[in-house]
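Basis for what follows: all heavy atoms, side chains included, without hydrogens, waters or symmetry-related copies. What you see is a predicted model; the values in this text were computed from it and never measured.
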Amino acid sequence: MEIATALGCFVGFAFGGLVFVAYKLGLLYQLFHKVSPFGSPRHGGESVAEVLRAHGVKFVFTLVGGHISPILVACEKLGIRIVDTRHEATAVFAADAVARLSGTVGVAAVTAGPGLTNTVTAVKNAQMAESPLLLLGGAAATLLQGRGALQDIDQMSLFKPLCKFCASVRSVKDIAITVRKALAIAQSGTPGPVFIEFPIDTLYPFHLVSKEFGVKNPPKGIMGKVVTWYLHNHLKNLFAGAWETRDVSPLPVHIPQATDNQVQKCIELVSRAKKPVILLGSQATLPPTPGGSGVSRYPLLPGWNVPWHTEQEGCGLTMVVCVPGTVCDFRLSYGRVLNRRSRIIAVNRDKTQLLKNSDMFWKPTVAIQGDAGSFLLRLSKGLKGHTCPEDWPQSLKAGDVTKEKANRGKADEKTDRHLNPLSVLHRVDELMADDSIIVADGGDFVGSAAYIMRPRGPLRWLDPGAFGTLGVGGGFALGAKLCRPESEVWIIYGDGSLGYSVAEFDTFTRHKTPVIALVGNDACWSQIAREQVPILGSNVACGLAFTDYHIVADGYGGKGTLIGREDEDKLDGIIKEAQKETRQGRATLLNVLIGKTNFREGSISV
């Protein structure tokens with residue numbers, strides 16, 4: 001009896017072990033799910049394209065590579081526009097801009113290895129700007145990873161610190177659910193980039209992949225048979241159940257919201273305030289706040305204004321400062337600009353950003369981890385009919401007028417040579433169309449533009465954000481023009497930052513996305529030189545040349561114009577001609593030679 005029992009246990013364990021091995025080897029799954037027919041032309045790129053279309057993706061930005069060709073071809077067949085750029089970083093920057101302007105996830109696809117490493121700065125910029133972005137990357141075949149294949153590196157380790165979600169597809173059947181999951185995570189909570197790598201054997205058709213799995217000279221004997229069987233079994237696992245019908249619709253997106261009690265407390269605080277102030281952050285433009293095409297349109301909060309240095313206002317306990325979606329980092333002097341005696345309402349989707357530096361320079365009266373846009377709509381509804389004392393907004397407007405007059409006076413100063421950059425920016429601002437989108441890419445010249453040029457509306461000014469990245473201009477402008485083809489799109493370039501993406505004038509020409517580039521050409525990295533020279537006594541590495549960037553634009557199919565002091569009286573006409581060129585479908589570059597002024601960053605009245 002004992003022997004029989006022991007034998008039965010042994011058989012049971014052996015059977016269980018065999019079942020487990022069969023499961024791990026995919027044999028059980030293969031019993032119930034068909035492997036792709038040998039001659040089938042279908043490929044994994046089709047699954048990617050189907051999910052993207054179901055999620056409303058209109059553009060995929062790329063620099064082509066053999067690893068990702070099936071994705072690009074399938075997307076084009078389904079009506080998704082493929083926009084190829086001259087650098088992978090530009091593709092990601094363009095996807096970032098689309099995410100900001102459309103309210104959907106921006107998508108970029110690049111090849112393996114160096115194609116992906118070229119995107120790192122742009123992906124980090126999207127992470128810090130909280131842009132929902134999907135990066136699709138190629139990869140070496142599943143069995144060749146880590147074995148020295150072409151362009152094979154550990155891509156997952158590279159992107160895990162930069163992305164909310166990283167996944168490596170291991171079989172064709174997993175593509176749809178992986179892409180759906182990534183798209184949902186990109187938009188949930190605090191938005192950000194996500195990354196999926198696609199080994200090349202998960203994207204190409206079965207009959208092509210099977211040829212690569214064939215062993216030309218297999219080892220003889222039992223080892224050869226084991227190797228051959230293992231390769232064939234791996235191939236079957238890649239394609240088993242590949243073309244079964246799967247759900248491609250969007251998964252639910254989780255967005256944190258303020259509670260009713262939190263909103264009510266804020267309504268009470270604001271209704272008692274004599275001097276309310278709002279510092280609106282970019283999170284307030286995120287979906288699901290209604291407004292069409294992702295542009296949030298808030299009812300004006302009565303009597304709310306935006307002075308920057310609130311500590312100088314002497315507001316005391318009568319002030320309520322609301323910072324929805326704004327972070328107390330270097331841009332708000334780490335919170336030091338907030339009057340310590342003020343009542344402060346902080347709203348942010350991310351808890352870390354919500355409380356950043358609150359242990360040192362400021363402390364929120366109410367801290368809400370939730371969506372800023374939805375919070376503002378609920379707050380505005382609760383304040384319906386409420387107004388603050390008229391003298392408060394009037395005093396702020398009077399202060400703005402004084403500052404603008406001071407800045408205008410600086411624009412009237414003559415420079416030793418070339419044109420006054422502040423004067424040029426004022427004149428462009430006056431002639432710019434009401435629907436214009438301004439893309440900021442630079443340091444000194446762009447810093448001046450930030451004080452002078454007036455954004456025409458929500459999401460009509462695009463800059464890199466907290467990371468301060470140079471090189472966003474070409475990609476941001478490309479994405480903006482595709483999202484808003486009827487709008488003028490202006491890139492405000494420094495001559496240093498132009499070097500990163502001037503080649504994208506070729507992209508603007510090929511894809512018929514005419515933009516206007518205004519280049520402040522002072523032959524210098526002036527933002528650095530302003531401090532380096534007086535502090536260290538040398539301008540080493542700061543000097544550039546008055547390069548003929550307008551000729552470069554011509555070479556890429558655009559229209560370039562050189563503007564010097566002798567053209568000062570004709571400047572308005574030149575600007576209008578550039579606007580006319582873009583309406584006719586031609587990208588233009590205005591290479592403006594600018595001189596030095598007594599302006600120093602921070603000295604202009606703010």
- prompt: Taking it one step at a time, do H234 and T142 satisfy side-chain hydrogen bond (donor to acceptor under 3.5 Å, both in side chains)?
  reply: CA-CA 9 Å; H234 186 82; T142 51; 2.8 Å; yes
Donor-acceptor contact below 3.5 Å, side chain N357 vs main chain M360: no
CA sep, side-chain torsions, deciding dist, call: R378, D260, salt bridge (Lys or Arg N to Asp or Glu O under 4.0 Å): CA-CA 9 Å; R378 293 163 68 186; D260 290 340; 2.8 Å; yes
- prompt: Can you tell me if T85 uses its side chain to pair, donor with acceptor, with the backbone of T90 under 3.5 Å?
  reply: no
- request: May I have all residue pairs that pass ring-ring contact (aromatic ring centres under 6.0 Å, His included) and include part of residues 175-195, sequence neighbours excluded?
  value: F159-F195
- request: May I ask you to decide if E244's main-chain N or O and R246's side chain share a donor-acceptor pair within less than 3.5 Å?
  value: yes
- request: Might you point out which heavy atoms bring A140 and A149 nearest each other, and give the distance in Å?
  value: CB-CB, 3.8 Å
Selection residues 239-272 - residue pairs positive for ring-ring contact (aromatic ring centres under 6.0 Å, His included), sequence neighbours left out: F206-F239
field: S501 side-chain N/O to G474 backbone N/O, donor-acceptor pair under 3.5 Å
entry: yes
task: May I have the step-by-step check of side-chain hydrogen bond (donor to acceptor under 3.5 Å, both in side chains) for D371 and Q283, ending in yes or no?
output: CA-CA 8 Å; D371 177 56; Q283 270 194 15; over 6 Å; no
- line: Scanning both residues in full, the closest heavy-atom pair of Q187 with P132 reads CG-CB, 4.3 Å
field: D434, CG: over 12 other non-hydrogen atoms inside 6.0 angstrom
entry: no
- prompt: Does V439 reach the side chain of I492, with side-chain heavy atoms less than 4.5 Å apart?
  reply: no
task: Begin with the C-alpha distance, continue with both residues' side-chain angles, and end with the deciding distance and a verdict on side-chain contact (heavy atoms from CB on, under 4.5 Å) for S358 and K363.
output: CA-CA 5 Å; S358 63; K363 192 172 185 63; 5.5 Å; no
- request: Give the minimum heavy-atom separation between Y204 and S69, together with the two atoms involved.
  value: OH-CB, 3.8 Å
query: Which value, rounded to the nearest 0.5 Å, describes the distance between F467 atom CZ and Q127 atom CD?
result: 9.0 Å
- request: Determine, step by step, whether R180 and T178 satisfy the side-chain hydrogen bond (donor to acceptor under 3.5 Å, both in side chains) criterion, reporting the C-alpha distance in whole Å, the side-chain angles of both residues, the deciding distance to 0.1 Å, and the verdict.
  value: CA-CA 5 Å; R180 292 173 70 212; T178 304; over 6 Å; no
- prompt: Between the side chain of K481 and the main-chain N/O of S487, is any donor-acceptor distance below 3.5 Å?
  reply: yes
- request: Would you check, one step at a time, whether the test side-chain contact (heavy atoms from CB on, under 4.5 Å) holds for V179 with L134?
  value: CA-CA 9 Å; V179 177; L134 171 60; 4.3 Å; yes
message: Closer than 3.5 angstrom, by distance alone: can the side chain of E88 be matched with the main-chain N or O of V120 as a donor-acceptor pair?
response: no
Residue pair T259 / V263, side-chain heavy-atom distance below 4.5 Å: no
message: Looking at L101, is its backbone amide N or carbonyl O close enough to the side chain of R484 to form a donor-acceptor pair, meaning the two atoms are under 3.5 Å apart?
response: yes
message: Between R510 (side chain only) and D84 (backbone N and O only), is there a donor and an acceptor less than 3.5 Å apart?
response: yes
message: Can you confirm whether T111 sits close enough to Q151 that some side-chain heavy atom of one is under 4.5 Å from a side-chain heavy atom of the other?
response: yes
message: Nearest 0.5 Å, please: how far is CD in E197 from CG in D154?
response: 8.0 Å
message: Between D152 (side chain only) and G146 (backbone N and O only), is there a donor and an acceptor less than 3.5 Å apart?
response: yes
- prompt: Does the side chain of Q155 come within less than 4.5 Å of T117's, by heavy atoms?
  reply: no
message: With rounding to the nearest 0.5 angstrom, report the CG to NE2 distance, L208 to H43.
response: 10.0 Å
task: Let me see the working for D329 and K356 under side-chain contact (heavy atoms from CB on, under 4.5 Å), right down to the final yes or no.
output: CA-CA 7 Å; D329 55 16; K356 189 176 287 293; 4.3 Å; yes
- prompt: Do other residues, nucleotides or ligands put more than 12 heavy atoms under 6.0 Å from the NZ atom of K164?
  reply: yes
- line: Distance col, row C322:SG vs L379:CG, nearest 0.5 angstrom, shows 6.5 Å
- prompt: Do R349 and E130 come close enough that some side-chain heavy atom pair is under 4.5 Å?
  reply: no
Working for side-chain contact (heavy atoms from CB on, under 4.5 Å), residues N237 and L235: CA-CA 5 Å; N237 284 331; L235 177 65; over 6 Å; no
- prompt: Are any of the side-chain nitrogens in R100 or D96 under 4.0 Å away from the carboxylate oxygens of its partner?
  reply: yes
query: Side chains of L286 and P191: does their closest heavy-atom pair fall under 4.5 Å?
result: yes
message: Which heavy atom of A480 sits nearest to which heavy atom of L462, and what is that distance?
response: CB-CD1, 4.2 Å
- prompt: Do I82 and T62 touch side chain to side chain, with heavy atoms closer than 4.5 Å?
  reply: yes
query: Taking atom CG of L183 and atom OG1 of T104, what is their separation to the nearest 0.5 Å?
result: 9.5 Å
field: Non-hydrogen atoms of I80 and V57 that approach each other most closely
entry: CG1-O, 3.6 Å
query: Roughly how far, to the nearest 0.5 Å, is the NZ atom of K384 from the NE2 atom of H386?
result: 15.0 Å
field: Stepwise side-chain hydrogen bond (donor to acceptor under 3.5 Å, both in side chains) check, T326 with R331
entry: CA-CA 9 Å; T326 300; R331 292 168 292 182; over 6 Å; no
message: Can you give me the closest heavy-atom contact between P287 and I255, atom names plus distance?
response: O-CD1, 3.9 Å
message: Parallel, tilted or perpendicular, judged at 30° and 60°: which one describes the rings of F93 and F476?
response: perpendicular
task: Determine whether more than 12 heavy atoms belonging to other residues, nucleotides or ligands lie under 6.0 Å from atom CD of Q264.
output: yes
field: Test item: N348 side-chain N/O and Q353 main-chain N/O as donor-acceptor pair under 3.5 Å
entry: no
message: Is any side-chain heavy atom of L478 closer than 4.5 Å to one of T507?
response: yes
